[in-house]
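Report on one structure; see the data block that follows.
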Amino acid sequence: MDSKVTSKTSSLKALLLKAWSERWTDLQWGIHIKAILPRGVSGDVYNLADIIFQQALVGPAPNQLILSYLKHSLSSQLISYVAVVSRISKFESFHKPHCVLCLLNFLDNFENALTCRTKQEENSLPGSVLSVVTWLLNCYQYYLLHPCPFPELTRKPILLLNKIVQNPFTCAVLYLAKHGQKNDYEIAKKCEEIKMIITEKCIEFDDFSVNFPVLLKNLEDLDIGILQKPNRKENSLDYSVQALLKVTVLLNPTVDSQAVVNNLLIIQQLKGFKNARLYMEVIRASLINLNDAVQENCSAYWGAFTFIKLPHIIQLLACHYASNSNCLPEQASKEIVDGFVLLMEFCPLLNNIDTKTQNNNVESLLNEMVKVSVISEADKTKILDIRKSNSIDTRMIAMMVPQVAPSSLPSLMSTANTALTKIRKSLESDLQESLVGVLSILVGGNSYEIISTFAAVKGELRPFVTELIKFNELCRQLNDNDGVSQHSKSLIFDLTFVILCSFVQDYGSDAVLANKDGDSFFETWVRNCMKEYDFNKTMISLRKGHDPAKIETLIEYFKSGEFDIKNPKMCWDEMCFAMPAVMKKIHNGWRTSGNSLYSGLEVKKMLDSISSQACCLSICSVSWLCSYMQILQGEELLKARNMIQQLITYMDQGFRNSAQNKSCQQDYYKERCMLTGYILRKMQNYANPPMTSTDVVPPSRSIPLKDAVYKQLVPVWDVVLQKGCLTSEAAHLFKTVISVSDSKLFMKFMLHEIMKLRSEDELNKAVDLLFALFYFSIHDFTVALLYHIPYLLFKPDKVELVEPQSTAIAKLTAFVICAAVHAEFNSKKKVENNKDVDFEQDLEELCPASKIMRMSGVQSGNTPLVYVSTGSGFASNHQTLTSGPLLKSLTVLFRSFDTVASRAGIVNADTYFVFNVIKQIVQCGKKTAKPILSHLPSDLIPNLMRAVPELFTMELILQLYCLDSAAKTAVRDLCLLRNLTMKQ
């Protein structure tokens, strides 16, 4: 083979010399060379470009006749542009200015025509472009240091370098070459040398059309940003942050600040917000939620969130930005101040919230920001001055005088902090009589809501609960040897039990209990007996293992009214565990007709006796009855309901009558009754949800079956969409619908509602709000949506995806994919298969896999067809998705996309939808985009590019691939787009 190449090379050299000696025209050259290089054979194999250049540049001036042969060979595709560029970059005889100028002009003439036609040319292209850029820099440097006979010798290299950088194709290829060199980027070193020469010689570029210092910087720090068009336009308003905060808090009121920060960073990534914009959005969202809470008379939580947790969230965001960009603390503070300045544009909102809360909320928040050292006093003064200047209402200006109303939320938070500190300090000591009075602070008046909210928001709830469980455990036994009277121990047990039950109801056992497998009495009772929302305990576990004699003894105590909290005859934990059996016997012994073990009056007396002194027994009784109701019907169900109602009624009466009873006042019975009544009513609502919103407990669980559910959702969704914010009542309703329905049905309903919209602004708002709602279960909703998209594309009676709805759904799809993948990467536990993974039924009929399947073998006739996703090495150095529902649904989605893109000659709305989804993933995904796109079929992008080449850019292609392992694939697509663009 080598001898054959050598022979061909010799023949080409001889032919070239003959052509020159006989002065052939370029056409004659083209005719005669075909005798040596038949059709389809490239001259690059035999170094034809190198042979021509050697002869053309042998003298002090270029041989124009031989160069005309080179141009003809390029035009007839006998040689490639890559080979020519590579050969020019090897010319080092800069002492021949005429030859150098000729080569510069030659490059200038075909720079816009540079492309590749074969795979071999594609593989060599990045290196060739890199070498020619280096050659141009060397050329410029040489004529800076040596006499320059022609001004063009210093101007032309700059103009050509600028063309290369400004041309998207050559710049993208150069970026690929730089990426391949990693830390050994030779152009950067050359640029540094040239800058030193320019500085030493004091060279000016004022009269030059190209800003050469900027050009050198672009070459030195070459980045994909050079190719980018202006940043995506930030919407004037964002609706996702407020709704996402509401959903996050509703799912977990004790949510960690870092978890909130992670969600905010996802939104910033998806929306492309600047840091100051994100600061503004999270502050505005918190104030909107506070305004909503004030309207619903439940402002304690959002007040604590805004003035306690929000400053720490801002602090964590600032630390994150500082660690990622190595910026100074002053820069981080400036961005926070800029965020507040942006917030001042919402003056009517701020005025409205200040009026409702009777507080200057901006100033109160700034005070807390100063405490955590994210801004300075000077920054605070600057922001307050802007606030005053922007406020038109003189009454609002007067209210900004730093005089805080006694009932303002910051004042309440300060009071709660003092009370919580006092209580926890008392709990750190040994068991003592005074603990009764300390615990009574927590259950009295509005103290429980304020203190518990403060503890939850500040992250001190679990330690607080652990301390309460410790004293509850100490007081459950009958033991007077510790210096504390049995009466006080009983009260401490009852108080801690009631408080702990309320904590579990309000925040959930998972958020409250530090150890799910704890062996204390209260943890065991919650795990086995307590009625929780959406979680029923088995009847057997509630009643097994109790001594019948003790059950009879308790019933006699309650029947005779001899039960006394000061001198109980049985340990408190034994009584609490025995209450299900007691309730079962009372329920079975009560007959409304015929033989009855207990009359109605006796039942009422026993229930009143249970509730008369120890609230823990009422809670244990109602908890079992609420679970028991789930298996009852008819008269038996009515009896259980009446028993529950009687226990609740007695609590209401005890709350009212305790004011006249001195003994009850000493035992803090009124306070215990108030909190216990709230607990019992919530349990009652769990078992039998109220059908109206007038009940004491907030409306959240009164939802009928599916058809009626979605009919109820329509007006609620319309109101949410109109307001542009998610209210607490609407959030509770959506959460309940999702819990009684499934993610697939809810997702289909919400997509149907989005398809009704026509305005682009309304669609953007709906996408933001729905994206936040999907965070109730981001994994399940993402899987459901990805399985549903093929139905939208292929179902015969489908609703056509038209603009602007198509773009909105594409954006939503990209948002949830990126968010779900981000959540999977950050989750400590792998997501298990849930109820919504059965979506592949009939998918084969809509999107036949056979259209995009390939043989895994070449000659084996029995080899089964399998779907092959080559991935082209998109993300070899990135995190990858593990097997599971999310990866499976993503594969199904991309399979359907490949089917759409591979339909030859068909370009419709589905094609544009596929492109928009991929583009949105690239724009929104950032670091998560490449692991997602690594599962694209290998032919999807080329097929899609041939269908809609006008939509693709060089920047987009570079962002589709992991360049560490897929540089060749990226070059392939860059050249394909270049060729398609040149044909247009």
Could you check whether [Y] and [X], counting side-chain N and O atoms only, form a donor-acceptor pair closer than 3.5 Å?
{"X": "Gln268", "Y": "Asn275", "value": "yes"}
{"X": "Lys811", "Y": "Asn764", "value": "yes"}
{"X": "Thr134", "Y": "Glu186", "value": "yes"}
{"X": "Ser902", "Y": "Asn943", "value": "no"}
{"X": "Ser68", "Y": "Asp26", "value": "no"}

Note to self: Under the criterion side chain to side chain contact (heavy atoms under 4.5 Å, CB included), I'd like the reasoning laid out for Leu944 against Val900: C-alpha separation, chi angles, the key distance, then a yes or no.
What the structure shows: CA-CA 9 Å; Leu944 194 59; Val900 171; over 6 Å; no

Check whether any side-chain heavy atom of [X] sits under 4.5 Å from a side-chain heavy atom of [Y], and report yes or no.
{"X": "Arg972", "Y": "Tyr961", "value": "yes"}
{"X": "Asn167", "Y": "Arg978", "value": "yes"}
{"X": "Leu107", "Y": "Trp135", "value": "yes"}
{"X": "Leu101", "Y": "Phe106", "value": "no"}
{"X": "Ile921", "Y": "Leu933", "value": "yes"}
{"X": "Ile941", "Y": "Phe952", "value": "yes"}
{"X": "Thr813", "Y": "Asn916", "value": "no"}
{"X": "Leu70", "Y": "Ile79", "value": "yes"}

Next item on the list: Report the C-alpha separation of Val58 and Asn63 in whole Å, then their side-chain angles, then the decisive distance to 0.1 Å, and conclude whether the side chain to side chain contact (heavy atoms under 4.5 Å, CB included) test is met.
Entry: CA-CA 8 Å; Val58 68; Asn63 189 319; over 6 Å; no

Of the non-hydrogen atoms in [X] and [Y], which two are nearest, and what is the gap between them?
{"X": "Phe913", "Y": "Ile789", "result": "CE2-CG2, 3.7 Å"}
{"X": "Cys139", "Y": "Pro157", "result": "SG-CG, 4.0 Å"}
{"X": "Pro931", "Y": "Phe825", "result": "CB-CZ, 3.9 Å"}
{"X": "Val165", "Y": "Cys171", "result": "O-CB, 3.4 Å"}
{"X": "Leu793", "Y": "Asp910", "result": "O-OD2, 3.4 Å"}
{"X": "Lys34", "Y": "Gly30", "result": "CG-O, 3.3 Å"}

[X]: partners by ring-ring contact (aromatic ring centres under 6.0 Å, His included), with sequence neighbours left out:
{"X": "Phe53", "value": "none"}
{"X": "Tyr143", "value": "none"}
{"X": "Phe150", "value": "His98"}
{"X": "Tyr912", "value": "none"}

In Å, rounded to the nearest 0.5 Å, how long is the span from [atom1] of [X] to [atom2] of [Y]?
{"X": "Lys13", "Y": "Tyr46", "atom1": "NZ", "atom2": "OH", "value": "15.0 Å"}
{"X": "Leu65", "Y": "Trp29", "atom1": "CG", "atom2": "CH2", "value": "10.5 Å"}
{"X": "Leu114", "Y": "Cys975", "atom1": "CG", "atom2": "SG", "value": "8.0 Å"}
{"X": "Gln54", "Y": "Asn47", "atom1": "CD", "atom2": "CG", "value": "9.0 Å"}
{"X": "Gln269", "Y": "His822", "atom1": "CD", "atom2": "NE2", "value": "6.0 Å"}
{"X": "Ser73", "Y": "Leu67", "atom1": "OG", "atom2": "CG", "value": "11.0 Å"}

Note to self: Please evaluate residues Glu955 and Leu958 with respect to the criterion side chain to side chain contact (heavy atoms under 4.5 Å, CB included), reporting the C-alpha separation (whole Å), side-chain torsions for both, the decisive distance (0.1 Å), and the verdict.
What the structure shows: CA-CA 5 Å; Glu955 172 212 353; Leu958 290 179; 5.9 Å; no

Check: [X] side chain, [Y] main-chain N or O, donor-acceptor pair, under 3.5 Å:
{"X": "Thr170", "Y": "Ile164", "result": "yes"}
{"X": "Glu121", "Y": "Arg117", "result": "yes"}
{"X": "Tyr69", "Y": "Ala19", "result": "yes"}
{"X": "Ser93", "Y": "His95", "result": "no"}
{"X": "His32", "Y": "Gln28", "result": "yes"}

Check: Please walk me through it: do Leu48 and Leu37 pass side chain to side chain contact (heavy atoms under 4.5 Å, CB included)?
Finding: CA-CA 10 Å; Leu48 178 59; Leu37 298 177; 4.1 Å; yes

Between [X] and [Y] (salt bridge meaning N to carboxylate O under 4.0 Å), is one present in this structure?
{"X": "Glu193", "Y": "Lys190", "result": "yes"}
{"X": "Asp108", "Y": "Lys156", "result": "yes"}
{"X": "Glu192", "Y": "Lys195", "result": "yes"}
{"X": "Asp50", "Y": "Lys90", "result": "no"}

Notebook entry, point to check: Which residues satisfy the side chain to side chain donor-acceptor pair (under 3.5 Å) test with Glu760, sequence neighbours excluded?
Noted result: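 If we apply the side chain to side chain donor-acceptor pair (under 3.5 Å) test to Glu760, skipping adjacent residues, there are no hits.
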
Margin query: Checking Thr807 now: which residues fulfil side chain to side chain donor-acceptor pair (under 3.5 Å) with it, not counting sequence neighbours?
Written below: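 For Thr807 the side chain to side chain donor-acceptor pair (under 3.5 Å) partners, ignoring immediate neighbours, are Glu803.
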
Checklist line | Single hit among Asp221, Asn218, Leu216 for side chain to side chain contact (heavy atoms under 4.5 Å, CB included) with Cys191 | finding: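 It is Leu216; the other options fail the test.
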
Note to self: Parallel, tilted or perpendicular, judged at 30° and 60°: which one describes the rings of Phe94 and Phe91?
What the structure shows: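 It falls in the perpendicular class, over 60°.
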
Margin query: Tell me whether Glu22 at atom CD has more than 12 heavy atoms from other residues, nucleotides or ligands lying less than 6.0 Å away.
Written below: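 For Glu22, atom CD is crowded (more than 12 foreign heavy atoms under 6.0 Å).
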
Checklist line | More than 12 heavy atoms of other groups within 6.0 Å of Lys96 NZ | finding: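 Atom NZ in Lys96 is packed in, count exceeds 12.
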
Next item on the list: State which residue, out of Ser128, Ser80, Ser124, fulfils the side-chain hydrogen bond (donor to acceptor under 3.5 Å, both in side chains) condition with Ser86.
Entry: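 Filter result, single survivor: Ser128.
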
